[in-house]
Trainee: 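Structure provided below as structure tokens; questions to follow.
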Amino acid sequence: MTVRTRIAPSPTGIAHLGTAYIAMRNLAIARQNGGQFVIRIEDTDRERYVEGAVDIIFEAMKWLGYPYDEAPDISGPYAPYTQSERLPIYKEYVQQLIANKKAYYCFCTKERLEQVRSAALAKKELPRYDRHCRHLTDEDIQKQLDSKAPHVIRLAVPETGVTICQDVVRGPVEFQNSGIDDQVLLKSDGYPTYHLGVVVDDHLMKITHIIRGEEWLSSSPKHVLIYEAFGWELPIFAHLPVIRNKDHSKMSKRKNDVSILSHRDRGYLPEAINNFLALMGWSHPEKKDIFSLDEFLKIFTLDRITLTAPVYDIEKLNWINGSYIRSLTDVELAERLSAGFVPSACSGELLASIVPLVKERLVTLKDFDDLASFFYLEPSAVEMTADDKEYLSVAKELLASCAWSKEGIEGSLIPAVKDHGWKNGPFFAALRLAVTGKKISPPLSESMVILGREKVLARLTLKV
Ligand code: GLU
């Protein structure tokens with residue numbers, strides 16, 4: 001058996017961090033077994049479809065560095081990989097179920113379904129379809145079809161018994177059939193529902209492991225029933241805990257920034273995002289905090305998954321990101337920064353000289369501009385005290401003639417501070433503020449060397 005895994009994102013607007021978290025686990029299981037990792041686009045919910053969302057999903061997968069074997073953009077032996085291009089397939093397969101009486105036509109109108117729903121709610125019962133059309137005669141059905149009555153096709157769920165989802169991380173999960181609605185499989189517009197599409201495609205695409213978020217666990221009995229209705233072999237299921245906020249509430253795209261690409265735009269490195277997501281609901285067997293995607297793909301196992309909800313902890317992500325930034329060479333860091341984080345006022349040459357000074361202080365690439373803008377923009381005016389002005393006039397005189405190097409500057413300023421009976425702290429604080437416009441900055445003497453004598457003196461002149 002060739003192991004085949006997949007993600008099946010719906011193009012509803014953003015590429016979600018949760019999709020990446022699930023994708024890397026699917027990728028790992030496929031890779032470890034010499035199998036394939038497939039991306040299928042589930043775009044059958046036309047109301048939620050967002051133009052351009054598919055491109056965003058692929059842009060995110062590429063940015064994170066997940067190689068995939070089959071997908072709409074590269075095709076493969078089971079193409080097409082986009083559900084809206086597979087409509088005849090679902091129609092054909094659902095007919096098999098109709099023929100075997102595992103599914104049935106339902107001609108109920110919206111109004112009737114609404115009445116059934118309100119009646120159930122009034123009785124404080126779970127609203128569900130009352131199976132009105134399940135027992136129509138063949139004649140009735142033919143008549144309705146001949147008159148082109150709008151209809152859906154529903155699964156004939158067994159009325160009693162239990163359906164078990166054998167989940168490799170949770171063990172067997174039991175569902176009472178009496179609690180499962182007669183699912184719509186094919187909608188009146190000819191599109192399959194998620195349940196039909198996912199099962200038909202996972203079967204036809206020979207997916208062996210369905211590794212997805214636990215939000216789909218409640219759908220799993222419906223899927224098991226559809227596999228059984230077709231007489232198909234069940235895949236292996238693994239429903240993983242979903243990423244939550246620190247207060248354990250669910251992350252949602254309305255309340256949280258869950259977009260992969262917005263993390264890119266906020267200056268996170270793909271290596272850091274992968275490392276951060278790797279540690280969600282799973283731990284490195286040697287308890288390592290920092291490790292590469294390659295390493296994860298080799299050592300991830302489903303049996304080390306913990307079911308306690310993983311938490312999106314921004315401090316941890318920041319720490320991981322900073323640590324990856326510091327592991328880059330200066331040249332690599334300059335390259336990463338150049339991809340959108342350096343304003344045009346900062347030349348490549350200037351960037352190369354600033355990078356070593358800011359590297360220790362960057363949490364994200366986006367911090368660069370805030371830390372370094374004084375190198376390429378004039379700092380805004382700051383208030384100076386009378387003491388500050390005295391410090392600055394002494395500094396200015398010394399800086400006009402000292403050797404222009406870190407040693408030259410410090411060798412000239414430090415003894416002078418002492419000679420005046422001043423303290424280094426307030427003296428250098430005033431100098432830093434005058435030169436950089438900030439109370440905190442990269443190391444001052446090195447920064448002044450890069451800025452150049454002329455600019456430094458001009459900034460001091462303005463303040464004195
Ligand atoms: N289309 C579903 C989604 O948007 C796929 C769920 C599954 O993996 O079965 O996530």
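Residue numbers run from 1 in the order of the sequence given. We use all heavy atoms of the structure for the numbers below, so side chains are in, but hydrogens, waters and symmetry mates are not. Order of listing sets the numbers, starting from 1, for every ligand and every atom in it.
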Trainee: Is Arg361 salt-bridged to Asp370, cutoff N-O under 4.0 Å?
Mentor: no
Trainee: Salt bridge check: are Asp330 and Lys359 linked by an N-O gap of less than 4.0 Å?
Mentor: yes
Trainee: Taking NZ, NE, NH1 and NH2 as the nitrogens, is one of them in Asp201 or Arg6 under 4.0 Å from a carboxylate oxygen of the other?
Mentor: no
Trainee: Check this for me: does any side-chain nitrogen of one of Arg40 and Asp202 sit under 4.0 Å from a carboxylate oxygen of the other?
Mentor: yes
Trainee: Who are the residue neighbours of ligand 1 when the rule is a heavy atom under 4.0 Å from any of its atoms?
Mentor: Arg6, Ala8, Ser10, Glu42, Tyr194, Val198, Arg212, Trp216
Trainee: Charged N to carboxylate O under 4.0 angstrom, Asp189 versus Arg46?
Mentor: no
Trainee: Can I get a per-line list of side-chain donor-acceptor pairs under 3.5 Å for residues 165-174, giving both atom names and the distance, sequence neighbours left out?
Mentor:
{"residue": "Asp167", "atom": "OD1", "partner": "Val169", "partner atom": "N", "Å": "2.8"}
{"residue": "Asp167", "atom": "OD1", "partner": "Arg170", "partner atom": "N", "Å": "3.1"}
{"residue": "Asp167", "atom": "OD2", "partner": "His239", "partner atom": "N", "Å": "2.9"}
{"residue": "Asp167", "atom": "OD2", "partner": "His239", "partner atom": "ND1", "Å": "2.8"}
{"residue": "Arg170", "atom": "NE", "partner": "His239", "partner atom": "O", "Å": "3.0"}
{"residue": "Arg170", "atom": "NH2", "partner": "Glu214", "partner atom": "OE1", "Å": "3.1"}
{"residue": "Arg170", "atom": "NH2", "partner": "His239", "partner atom": "O", "Å": "2.8"}

